[in-house]
Every structure is written in C-alpha cells, then in structure tokens.
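The next block holds one structure in the form of structure tokens; read it before the comments.
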Amino acid sequence: MATAQDIVNACEAEWDAHRSDCSGFARAVAARLGVTLTGMADDIVAEIATAPWSTIADGPTAAAQAAQGRLVIAGLNGADQQVPDPHGHVVVIVAGPLAHGLYPTAYWGQLGGVGKKDMTLNWAWRAGDRDHVVYGAIDTA
C-alpha cells in the first residue's frame, strides 16, 4: 500500500500535465498508484460510490484515510451542483490540514482553467456545493 507521501508525490508528478482537466488528473494519479479510474468526472463520482471503493462519510474521515495512504477521491456530479453544469468535478484528497475542521487538503485540475495544488477542498467548489461532495477511498497497489 502507498504512503501518504506517495500520494502527494503522484499528485505533484501529474499536476502540470493535467492542471486543466480534473478527471484526467484523477485518472493519472490513480494510475501511478496502481488504481484504475475511467471516464469523466461524473463517471468517476459514480465509480467511487461502488465496490471496491469504500464510501467515506465526511471530510475529516477522508483526510484521515488519505493520511493512512489510501487513495481518496472527492467529487460532485455536474447535475448535482448548485448551478447545474454538464461537467462534474473531482479532486484527489491528500494528507494535510482541514479548513474549518471540515474540508481536507487536495489537488485538482480545472476544466477551462488551472486547478490547485495542496489547497483545501473548500476552494474546489462553491460554498453551496462543497458540503455535498461524495468521498470514496481505495487501497493502492
């Protein structure tokens, strides 16, 4: 199984190439860690909600799982966003501090823009969306 630092290293290695593509970033990080993710953000959100992925209830638990070296993905379908969008959004949770005791540290790409590195998840979604993201975790190869 990977360490928390292995996941950060994978994020750093893939971020430049995928900083403008959240799903491409998540797929590339997962592949570096021996995990297969497929499709676009909405597809990934569906994938992390089913076995062999484990559903995680909240941000603090997601952060704890990432600190243990599990690959943790957070996401929200485009149709479930406060302002519905044809594209969802996904991020990779890493070990690090929680913002407001709720929002874990993450890396992400951003379609049509530039994502963020080592920032808390509350910056990845609008205020009305960030409490509705789903989290999934899986052991790495």
Side-chain angles (χ1 to χ4, degrees), residues 1-82 84-141:
M1 189 156 115
T3 66
Q5 188 59 52
D6 292 334
I7 295 177
V8 169
N9 293 346
C11 288
E12 286 289 336
E14 295 297 341
W15 195 83
D16 284 335
H18 300 283
R19 64 185 180 186
S20 296
D21 178 2
C22 69
S23 58
F25 176 73
R27 289 191 313 267
V29 170
R32 273 192 180 266
L33 298 166
V35 174
T36 301
L37 282 174
T38 58
M40 302 301 285
D42 284 354
D43 303 312
I44 292 170
V45 171
E47 193 168 350
I48 66 171
T50 60
W53 290 79
S54 303
T55 303
I56 298 174
D58 55 36
T61 306
Q65 294 281 314
Q68 294 173 8
R70 296 188 86 202
L71 175 60
V72 180
I73 304 291
L76 186 63
N77 284 322
D80 295 335
Q81 295 178 40
Q82 189 175 33
D85 190 285
H87 303 283
H89 188 47
V90 291
V91 306
V92 177
I93 304 298
V94 297
L98 294 170
H100 311 291
L102 298 171
Y103 307 113
T105 301
Y107 283 67
W108 63 90
Q110 180 179 334
L111 185 63
V114 176
K116 301 286 184 199
K117 294 169 59 168
D118 201 29
M119 297 279 294
T120 52
L121 177 140
N122 53 302
W123 296 103
W125 279 277
R126 292 178 181 92
D129 292 330
R130 65 187 180 206
D131 293 326
H132 301 286
V133 301
V134 297
Y135 299 93
I138 194 167
D139 290 333
T140 56

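Worth knowing before you read on, the calculation uses all heavy atoms, side chains too, and leaves out hydrogens, waters and symmetry mates.
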Is there side-chain contact between L71 and V92, with at least one heavy-atom pair below 4.5 Å? yes
Closest non-hydrogen atom pair between A66 and A95, with its separation: CB-N, 3.9 Å
Specify the closest pair of heavy atoms between Q81 and G88, including all atoms of both residues, with the distance to one decimal. NE2-CA, 3.6 Å
Are V134 and T55 close enough, and set up right, to give a side chain to side chain contact (heavy atoms under 4.5 Å, CB included), and what steps lead you there? CA-CA 8 Å; V134 297; T55 303; over 6 Å; no
For E14 versus A28, what's the shortest heavy-atom pair and its separation? OE1-CB, 3.4 Å
Just to verify, what does T140 make a side chain to side chain donor-acceptor pair (under 3.5 Å) with, not counting sequence neighbours? none
Rounded to the nearest 0.5 Å, what separation is found between the CG atom of N77 and the CG atom of D129? 11.5 Å
Mind listing the closest non-hydrogen atom pair of T120 and A99 along with its distance? OG1-CB, 3.5 Å
So which of I93, V91, V8 actually passes side chain to side chain contact (heavy atoms under 4.5 Å, CB included) with Y107? V8
When rounded to the nearest 0.5 angstrom, what is the spacing between OH in Y135 and CG in L76? 10.5 Å
Given side chains that start at C-beta, do those of W108 and W125 come closer than 4.5 Å, heavy atoms only? no
Partners passing salt bridge (charged side-chain N to carboxylate O under 4.0 Å, His left out) against R130 (at least two apart in sequence or in another chain): none
So, applying side chain to side chain contact (heavy atoms under 4.5 Å, CB included) with C11, which one of D6, V29, D118 is it? V29
Please report the shortest heavy-atom distance between A137 and I56, naming the atom on each side. CB-CD1, 3.3 Å
Spatial distance of atom CH2 (W53) from atom CD1 (I44) [nearest 0.5 Å]: 8.5 Å
Rounding to 0.5 Å, atoms CG (D85) and CG (D42) come to a distance of 9.0 Å
Using a 4.5 Å cut-off on heavy atoms from C-beta on, say whether the side chain of S54 contacts that of R70. yes
Under 4.5 Å between any side-chain heavy atoms of T38 and D43, yes or no? no
Search all heavy atoms of A63 against all heavy atoms of L98 and return the closest pair with its distance. CB-CD2, 3.8 Å
Inter-residue atom distance N9.CG - R32.CZ, 0.5 Å rounding: 9.5 Å
Count the heavy atoms belonging to other residues, nucleotides or ligands that lie under 6.0 Å from NZ of K116, then report whether that count exceeds 12. no
Using 0.5 Å steps for rounding, measure from the CG atom of D139 to the CG atom of L33. 11.5 Å
Donor-acceptor pair, side chain of T3 and main chain of G69, under 3.5 angstrom: no
